[in-house]
Amino acid sequence: MYRLALRILFADRTRYFTLVSGIAFSTLLIVQQASVFCGLMSWTDAILRNSRAEIWVMDTFLEQVQLPRPMREIELTRVRSVEGVKWAVPYFHRVLPVKQADGQYKMVQVIGLDNVSLIGAPRNIVAGNLENIRSPDTVMIDDYAVERISENFIAPNGEKRDVRLGDWIDINGSYFKIGAICDANRPIYGGPYIYMTYKHAQGILSPDSRTLAYMMVATQEGADIPTVVERIKKETGLLALEHEDFSWKTLKWFFANTGIPLAFGNTVVLGLIVGAVITGQTLFSFVTENSRILAALKAMGTSNRVLLNMILLQATSAALVGYGIGVGLASAFGLFVIPLKKPPFILLPHTLIIVFIVIFVIAMVCALLASRKVLVLEPDTVFRT
Amino acid sequence: MSGKSEKVIELTDITKSFGSGRAKVDVLRGIDLTVDAGEMLMIEGPSGCGKTTLLSIISGTLKPDAGKVVVLGKEITKARNRNLAKFRARHLGFAFQLFNLIPSISIWENVSVPLLIQGIKGREAKKRSIEILKEVGLDDRSSLLPNKLSGGQQQRVAIARALVHEPEIIICDEPTSALDGATGEHIMTILRQLTAEKNATVVIVTHDPRIHHFADRIVHMEDGKLLKS
């Protein structure tokens with residue numbers, strides 16, 4: 001009987017196509033939007049993805065990583081003296097302008113790394129050498145900076161081309177040579193990243209400015225990280241967070257203080273509604289149109305349970321095919337945009353599982369609602385013309 | 001199988017009405033009827049006299065308001081719907097006025113539906129379906145879809161479907177009303193022949209006088225009552 005149910009479903013090509021299309025479109029919309037949302041959220045803590053530390057130390061009132069509150073230099077010494085701290089290095093972060101050939105400015109995020117260790121530098125260097133930034137007035141820019149700065153870049157010989165190693169750029173009135181190019185995670189805002197030594201970064205700002213945005217801390221071997229975090233907080237009065245906790249704090253801030261989740265949530269809900277309406281309407285009309293045959297099957301002795309299972313099987317089958325097509329289309333979209341890095345796209349296994357459950361539940365609920373008509377159908381209906 | 005004199009259907013004082021209050025319509029008013037094993041009984045009467053309601057009650061697809069229905073020795077009036085469905089699947093075959101074939105599956109698959117309902121699947125179901133199609137002269141068309149057949153051929157398929165699981169009782173609702181005279185005659189000849197071979201009891205509701213001569217007995221209905229039997 002179940003094979004029969006599938007044959008009946010597949011034979012009604014128009015309705016089957018509508019059903020599968022509705023579910024596929026719904027799946028595509030939800031998976032695509034959820035993946036772009038995840039990608040966008042991954043941009044919120046791009047600094048932390050580029051620079052990894054066991055513990056980050058910051059001003060007590062800091063809200064998220066993109067909004068640093070510079071501290072006094074003396075705090076570095078205090079943190080270094082806390083029991084369990086192996087080392088602590090300064091981390092500079094400031095949004096500053098890069099002057100373009102046409103006189104306009106583009107904002108970049110300048111990251112200053114510890115002069116000696118260069119801890120916190122992205123690992124994927126695509127051109128030049130990280131060590132070059134130890135040289136006077138030399139910086140490393142990320143691939144996004146290449147793209148942004150190149151938009152209005154004119155070489156000394158008047159040639160309009162992309163910036164490359166050896167070119168000079170004006171950052172906040174100081175000239176720096178590009179000594180390396182890296183591949184870094186993009187930020188949600190604030191512009192691309194330019195890495196230099198902490199000492200060079202300090203030189204960009206006026207001498208009385210506070211420059212210590214964060215401290216990157218490593219613990220001694222065998223030390224319990226949460227305990228060290230608590231000690232730093234207690235002994236310095238600063239905020240200390242483990243790396244993942246800092247990421248979550250930033251993510252939570254974006255959830256609470258921006259309209260991004262709501263905007264994407266609206267589209268996801270729209271996808272759910274579209275899926276539910278098309279699935280429900282199509283299944284309902286399918287059952288209505290086949291009510292005479294269903295009544296005949298009932299008269300011939302098919303039980304309500306079997307008829308219900310037949311409709312659930314039809315809905316499941318359409319849901320699986322529609323889900324597969326929707327995920328395929330969303331993945332194709334991802335494959336297309338991932339190399340472009342915009343919009344950001346991260347398709348998590350969790351997304352696939354959750355969307356599968358949601359689509360399956362929608363299909364089952366719609367099938368159950370549609371099947372009510374069958375369950376209350378009297379078998380003698382078949383004798384009434 | 002029951003002997004010729006055995007009563008396979010016994011209806012006692014059956015009443016049925018639809019609606020309530022002033023809109024209440026008494027459709028069946030105290031029907032008493034018995035049908036013997038192997039008998040072909042025709043119920044005829046004008047439209048609205050209650051013959052389809054009576055057929056529904058005999059087939060267990062509708063319950064009477066009062067009275068007793070015993071089919072094959074089992075009182076079906078008080079049976080639960082689930083058990084009634086099982087009973088119909090096992091003991092009854094149906095041929096409907098508009099055939100009610102499933103348009104999207106082949107002819108032999110349509111015929112196999114009663115077997116599938118009983119859980120008989122695969123090769124066995126196909127073998128038995130082709131065999132019965134052979135008996136109605138349609139085995140060479142078993143793979144076609146129903147819409148490739150004429151009305152008469154579709155009704156032959158419906159008869160094959162009614163007989164494939166070898167039920168004791170065949171319920172036919174206006175089996176020839178959608179067919180021309182010659183085709184109706186041919187259909188009834190086949191039905192009569194096959195049910196006689198299998199000693200099946202046939203209850204037919206009809207208002208087609210052209211097929212009356214196939215009946216062992218004809219009962220007339222009017223205003224919810226049997227006039228004579």
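Being a predicted model, the structure only gives us computed values, none of them experimental. FYI, side chains are in, hydrogens and waters are out, and symmetry mates aren't considered; it's all heavy atoms of this structure.
Checked against salt bridge (charged side-chain N to carboxylate O under 4.0 Å, His left out), B:Asp65 has the following partners two or more places apart in sequence or in another chain: B:Lys16.
Counting heavy atoms from C-beta outward, B:Leu98 and A:Arg292 have side chains that approach closer than 4.5 Å. You'll find the side chain of B:Lys121 stays beyond 4.5 Å of the side chain of A:Arg3, heavy atoms only. Residues B:Pro103 and A:Ile293 are in side-chain contact: their nearest non-hydrogen atoms beyond the backbone lie under 4.5 Å apart.
Contact tally against chain A (heavy-atom pairs below 4.5 Å) for B:Leu116, B:Asn100, B:Leu55: the top residue is B:Asn100. Note on B:Arg161, B:Arg90, B:Gln118, B:Glu174: by heavy-atom pairs under 4.5 Å with chain A, the leading option is B:Arg161.
Heavy-atom contacts from other residues, nucleotides or ligands closer than 6.0 Å to CZ of A:Phe254 number more than 12. Counted within 6.0 Å of CZ on A:Phe333, heavy atoms from surrounding residues, nucleotides or ligands total more than 12; the atom is thus considered enclosed. Few gaps surround CZ on A:Phe10; more than 12 heavy atoms of other groups in view lie less than 6.0 Å from it. Within 6.0 Å of atom CZ in A:Phe25, 12 or fewer heavy atoms from other residues, nucleotides or ligands are found, so the atom counts as exposed in its surroundings.
From B:Arg88, atom CZ reaches atom NZ of A:Lys298 across 9.0 Å, with rounding to the nearest 0.5 Å. Taking OG of A:Ser303 as the reference point, atom CD1 of B:Ile117 lies at 9.0 Å (rounded to 0.5 Å).
If you measure heavy-atom distances from B:Ile171 to chain A, the contacts under 4.5 Å come from the side chain alone. For B:Ile102, the parts lying near chain A are the backbone and the side chain together; criterion is any non-hydrogen pair under 4.5 Å.
Applying the salt bridge (Lys or Arg N to Asp or Glu O under 4.0 Å) definition to pairs two or more places apart or across chains, none involves residues 67-87 of chain B.
When all heavy atoms of B:Phe94 and A:Ala299 are compared, the closest pair comes out as CE1-O, 3.1 Å. Residues B:Ser104 and A:Ile8 come closest through the heavy atom pair OG-CA, 3.5 Å.
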